[in-house]
2 protein chains.
Amino acid sequence: MNIGDVAQLSGLPAKTIRYYEEIGLIEPLRAANGYRSFRESDLHKLAFLGRARSLGFAIEDCRTLLALYRDRDRSSADVKQVARSHLDCIDRKIEGLTEMRKTLAHLIDACAGDDRPDCPILADLATGDPAHHCGRQFG
Amino acid sequence: MNIGDVAQLSGLPAKTIRYYEEIGLIEPLRAANGYRSFRESDLHKLAFLGRARSLGFAIEDCRTLLALYRDRDRSSADVKQVARSHLDCIDRKIEGLTEMRKTLAHLIDACAGDDRPDCPILADLATGDPAHHCGRQFG
DNA sequence: AGATGGCTTCCAGCAAGTGCAAGGTCAATG
DNA sequence: CATTGACCTTGCACTTGCTGGAAGCCATCT
């Protein structure tokens, strides 16, 4: 299979596949003309990578997961550890974003959004008014 | 004020402040010895930037917001627009992360995490089993 | 033979900084 | 006066995970 074929089958852009080879995640063979020649196993790895990436695993995690996958003597605890630590990472991100979202939504709510210049959003950014840190908006 | 002072006062690393100058967000004066010389207004801008960044605004949004802040003829609608579009962006991120979190949590839950090699996490990554897309885990 | 289209390589760049190294300045001390 | 140490300067490389483009080879169709 050429790169275009595996790109289509795996759903990954050809560029990404070349990049994955460059960083050693896959090692496709080469045909006489210099083209990469992908085996079923390469395609399988790429699909694995695509799914791991879509779950947000970092490339280095993907490398670890691939290694665990190929290791018949792995313990599922090792896999679970990787996944759990990634889950923690996701939770921290969600928490941070939710905090931002809350503050921002308050500010947007308080902004008239008309043609006058007065704007609580800018006022907050300028003064660091911590009003959004407590519950009451009209105290 | 030297860069160390504004770094301390604004809470931003000196490196970041230099970077902000490099990309034209601030324009501190220079002392005879070549040191950056920050005015109150520079410090104010840096604090503004720090708060905008902490709300997750992209640098280019920060530039826009600073410009709006300095423009006494702005309309708050313009500010609100920037904020709302950023809020949308945050919401999309939260949604994506929450989706990931859900799938990952299911997989982690299903994984024994012992010293045996059998692992639903790897199985899912390998086969793309869409079991986590429906509600039942044991059907 | 020429025109696509696919493949190859390498180089550059994105966001938003961070880290390091080599060197200039300043204030205080021996 | 020399030196130490803290602070400042610049520039370059590196980060993550690709993505885009240029220049050129290869394969196929007409």
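Quick note on labels: first sequence line is chain A, next is B, and so on, each numbered from 1.
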Under 3.5 Å, which donor-acceptor pairs link side chains of residues 110-120 of chain A to any protein atom two or more places apart or in another chain?
unit_1	atom_1	unit_2	atom_2	d
A:Asp114	OD1	A:Arg116	N	3.0
A:Asp114	OD1	B:Ser76	OG	3.2
A:Asp114	OD2	A:Arg116	NE	2.9
A:Asp114	OD2	A:Arg116	NH2	2.5

With a 3.5 Å cut-off and sequence neighbours excluded, list the donor-acceptor pairs that the side chains of residues 53-60 of chain A form with protein atoms.
unit_1	atom_1	unit_2	atom_2	d
A:Arg53	NH1	A:Phe57	O	2.5
A:Ser54	OG	A:Arg51	O	2.9
A:Glu60	OE1	A:Arg63	NE	2.9
A:Glu60	OE2	A:Arg63	NE	3.4
A:Glu60	OE2	A:Arg63	NH2	3.2

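Note on A:Val82: it clusters hydrophobically with B:Ile108, by side-chain heavy-atom contacts below 4.5 Å among ILVMFWY residues.
With A:Ser10 as reference, A:Leu43 is the one residue of A:Leu43, A:Asp5, A:Leu49 to meet the side chain to side chain contact (heavy atoms under 4.5 Å, CB included) rule.
Applying the side-chain hydrogen bond (donor to acceptor under 3.5 Å, both in side chains) criterion to A:Arg101, with sequence neighbours excluded, gives B:Asp91. Evaluation of the side chain to side chain contact (heavy atoms under 4.5 Å, CB included) rule for A:Leu97 yields A:Met100, B:Ile90, B:Lys93, B:Ile94, B:Leu97 as partners, not counting sequence neighbours. Evaluation of the side-chain hydrogen bond (donor to acceptor under 3.5 Å, both in side chains) rule for B:Asp42 yields B:Arg39 as partners, not counting sequence neighbours. With sequence neighbours left out, the side-chain hydrogen bond (donor to acceptor under 3.5 Å, both in side chains) criterion links A:Ser75 to A:Asp78. Judged as a side chain to side chain contact (heavy atoms under 4.5 Å, CB included), and not counting sequence neighbours, B:Glu95 has no contacts. Residues that satisfy the side chain to side chain contact (heavy atoms under 4.5 Å, CB included) test with B:Arg30, not counting sequence neighbours, are B:Glu21, B:Arg36.
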Spell out protein contact along nucleotides 11-25 of chain D as letters: B when the base is contacted, S when just the sugar-phosphate is, - when no protein heavy atom is under 4.0 Å; keep the 5' to 3' order. B-----BBSBB----

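Looking at every heavy atom in both residues, B:Tyr69 comes nearest to B:Arg74 through O-NH1, 3.0 Å.
For DNA chain C, none of the residues of residues 86-96 of chain B falls under the heavy-atom distance limit of 4.0 Å.
Between B:Leu122 and A:Phe48 the shortest side-chain heavy-atom distance falls below 4.5 Å.
Two end axes, each from the C1' atoms of five base pairs, can be drawn for the helix from C:dA1-D:dT30 to C:dG30-D:dC1; they diverge by 40°, to 10 degrees.
Scanning DNA chain C 5' to 3' for nucleotides with an atom closer than 4.0 angstrom to a non-hydrogen atom of chain A gives a first and last hit of C:dG6 to C:dC10.
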